[in-house]
Amino acid sequence: MRNHYTFRGVKGMRDVFPEAARAYQAWEARAREFFARYGFGEIRTPLVEYTVLFERGVGQGTDIVNKEMFYVPSKDQDEEEGGERDRKMVLRPEATASVVRAYVEQEVDKTAPGVQRYFYMGPMFRYERPQRGRLRQFTQIGIETLGSASPAADAEAVILLHDLLSAAGLPGLTYLFNAVGCPACRPGYIRKLQEYARARTNPLCEDCRQRLEKNPLRLFDCKVDACRAVMAGAPLVQDALCSECRDHQRRVLGLLETSGVETQIEPRLMRGLDYYTRTVFEVVAEGLGAQNAVAAGGRYDHLVEELEGPPTPAVGWSLGIERLLELAPAQEPATAGPDIFIVAAGPDPDRLFYHVTALRRLGLRIGLEYEARSPKALLKKADRLGARFALFVSQTDPETIELKNLRTGKQFPARWDMLDQVVRETG
RNA sequence: GUGGACGUAGCUCAGUUGGUUAGAGCGCUAGGUUGUGGUCCUGGAGGCCGCGGGUUCGAGUCCCGUCGUCCACCCCA
């Protein structure tokens with residue numbers, strides 16, 4: 001790799017070459033298969049949104065909004081005087097806010113009333129310091145179900161995720177669940193939590209003292225021993241849920257149990273995005289280092305209203321392909337090699353090119369080198385590519401050819417206009 | 001944003017207490033095979049030792065800075 005080079009790729013962003021791209025394609029194909037089964041349709045939203053969308057959607061107090069945004073300079077900013085602040089644009093850090101924005105903007109509740117099921121796949125951008133399992137541009141696949149408050153919607157989403165991950169044969173996944181309450185019970189819980197913590201501020205670290213006021217639920221995330229000790233005795237959301245939330249959780253977990261999805265209650269599990277209500281969950285994997293969440297999601301019953309839409313309960317999740325890829329290193333079958341690899345020393349290359357084009361137009365995969373090389377080198381290449389046949393072209397006459405079956409080693413004279421048939425019959 | 005580790009052929013890495021033409025394996029390439037692959041043998045190409053400065057008679061080896069990568073914190077997919 002060139003170390004002193006002007007035209008570097010951007011930090012935390014990767015180039016994906018064909019071999020690695022196959023692994024992405026495999027995940028995308030598998031996901032599409034499952035989405036079709038469950039009735040989810042693809043939605044494609046822009047990579048750029050106005051900043052306010054995420055400030056409102058993801059939350060003002062979150063790290064994603066406060067320090068992880070990729071700002072996009074725009075002409076709008078220069079041209080529009082005055083209110084340019086809310087015209088600021090960013091690369092999307094996640095997709096849920098965009099999907100909801102699109103849903104509200106198009107008034108989908110009026111044009112297509114009822115439950116909407118969407119899936120998306122594409123790059124997300126977060127300005128973080130890269131480390132294992134964390135890129136600045138990464139790829140998410142996710143779903144959003146809008147318009148249902150039913151526990152069945154939560155369960156359906158999780159089962160889809162579970163079956164998709166299981167189909168990939170990933171070992172060592174744990175499905176963690178928690179409930180984070182709703183407007184009826186969460187405010188009361190947060191007050192209790194703050195009361196508890198305020199009475200014990202002394203041992204808390206600097207960060208936690210700030211969290212206490214700004215984002216008290218995050219107190220549970222701290223890894224400082226002293227803070228953990230304090231929080232070990234803190235009141236839990238689970239004990240403060242209203243009867244509706246409690247009932248919702250019970251029914252979701254019940255549906256998952258009958259569907260054979262093993263779940264684990266994690267009473268201190270919190271999410272970094274503000275919009276979640278009731279159900280939150282996270283799928284964690286072993287052996288991924290510090291960034292071990294491969295998928296996460298939950299219910300967000302008030303986000304649509306928050307973005308000026310009609311009351312619309314919703315639930316969704318997203319998974320990070322790159323982390324999944326690290327878990328199951330490319331075991332995808334290699335793409336099929338050429339049907340025929342041309343071995344020619346370059347007599348009348350134009351005539352040869354004509355024949356090759358004709359064969360490709362018949363649907364055959366033809367491997368061809370542009371420069372004349374030794375037969376040995378060409379055969380070697382054909383072998384590496386997994387070609388089924390090698391075609392020897394006479395040095396003196398491009399019409400005189402011999403076809404060699406690289407599996408059996410048998411070689412025999414052939415004619416250009418018969419190749420298509422021979423290759424297909426040999427299947 | 002904070003902390004730590006590491007930058008030597010395309011890749012994985014050696015490189016003695018600073019010492020003269022910087023090495024290995026794999027890969028690439030050519031030949032052995034008077035045009036015929038996957039094994040084997042022999043040869044060849046390929047190095048701003050990340051970059052800049054300093055110490056020294058002499059620096060890939062030591063010091064400072066810088067850029068980059070990785071890991072961890074923070075946070076998250």
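Within every chain, numbering begins at 1; the chains are lettered A, B, ... in the order of the sequence lines, protein sequences first and strands thereafter.
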Test item: side-chain donor near acceptor, [X] and [Y], under 3.5 Å:
{"X": "A:T396", "Y": "A:S394", "value": "yes"}
{"X": "A:H162", "Y": "A:E262", "value": "no"}
{"X": "A:E144", "Y": "A:Q116", "value": "no"}
{"X": "A:E322", "Y": "A:T139", "value": "yes"}

Determine the interatomic distance between [atom1] on [N] and the same-named atom on [M]; round to the nearest Å.
{"N": "B:C70", "M": "B:U33", "atom1": "P", "answer": "49 Å"}
{"N": "B:U66", "M": "B:U2", "atom1": "P", "answer": "12 Å"}
{"N": "B:U17", "M": "B:C74", "atom1": "C1'", "answer": "43 Å"}
{"N": "B:A22", "M": "B:A59", "atom1": "P", "answer": "14 Å"}
{"N": "B:G18", "M": "B:C11", "atom1": "P", "answer": "29 Å"}
{"N": "B:G35", "M": "B:U39", "atom1": "P", "answer": "23 Å"}
{"N": "B:C71", "M": "B:G60", "atom1": "P", "answer": "30 Å"}
{"N": "B:A9", "M": "B:C48", "atom1": "C1'", "answer": "14 Å"}

Is there aromatic stacking of A:F138 against B:A77, centre distance under 5.5 Å, plane angle under 30°? yes
Side-chain N,O (A:K376) to OP1/OP2 (B:G35) below 4.0 Å: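 For B:G35, OP1/OP2 do not have a side-chain N/O of A:K376 under 4.0 Å.
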Quick one: the side chain of A:Q131 and the base of B:C74, do they pair up donor-acceptor inside 3.5 Å?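 Counting by modelled atom types and ignoring angles, a donor-acceptor contact under 3.5 Å is found here.
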Considering only heavy atoms and no angle criterion, is a donor-acceptor pair shorter than 3.5 Å present between the side chain of A:R134 and the base of B:C71?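 Per atom types, no contact qualifies.
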Paired and unpaired positions of RNA chain B as dot-bracket, Watson-Crick or G-U wobble under 3.5 Å, | denoting a partner strand: (((((((..((((.....[...)))).(((((.......))))).....(((((..]....))))))))))))....
Should A:E156 and A:R117 count as an ion pair when the cut-off is N to O under 4.0 Å?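 Between A:R117 and A:E156 there is a salt bridge, with a charged N closer than 4.0 Å to a carboxylate O.
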Closer than 4.0 angstrom, basic N to acidic O: yes or no for A:R132 and A:E326? yes
Candidate nucleotides B:G35, B:G1, B:A77, ranked by approach to the side chain of A:P375 - the nearest: B:G35
Could you tell me which residues satisfy salt bridge (Lys or Arg N to Asp or Glu O under 4.0 Å) with A:E42, sequence neighbours excluded, listed by chain and number?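 Testing A:E42 for salt bridge (Lys or Arg N to Asp or Glu O under 4.0 Å), a comparison that skips the adjacent residues, returns A:R32, A:R44.
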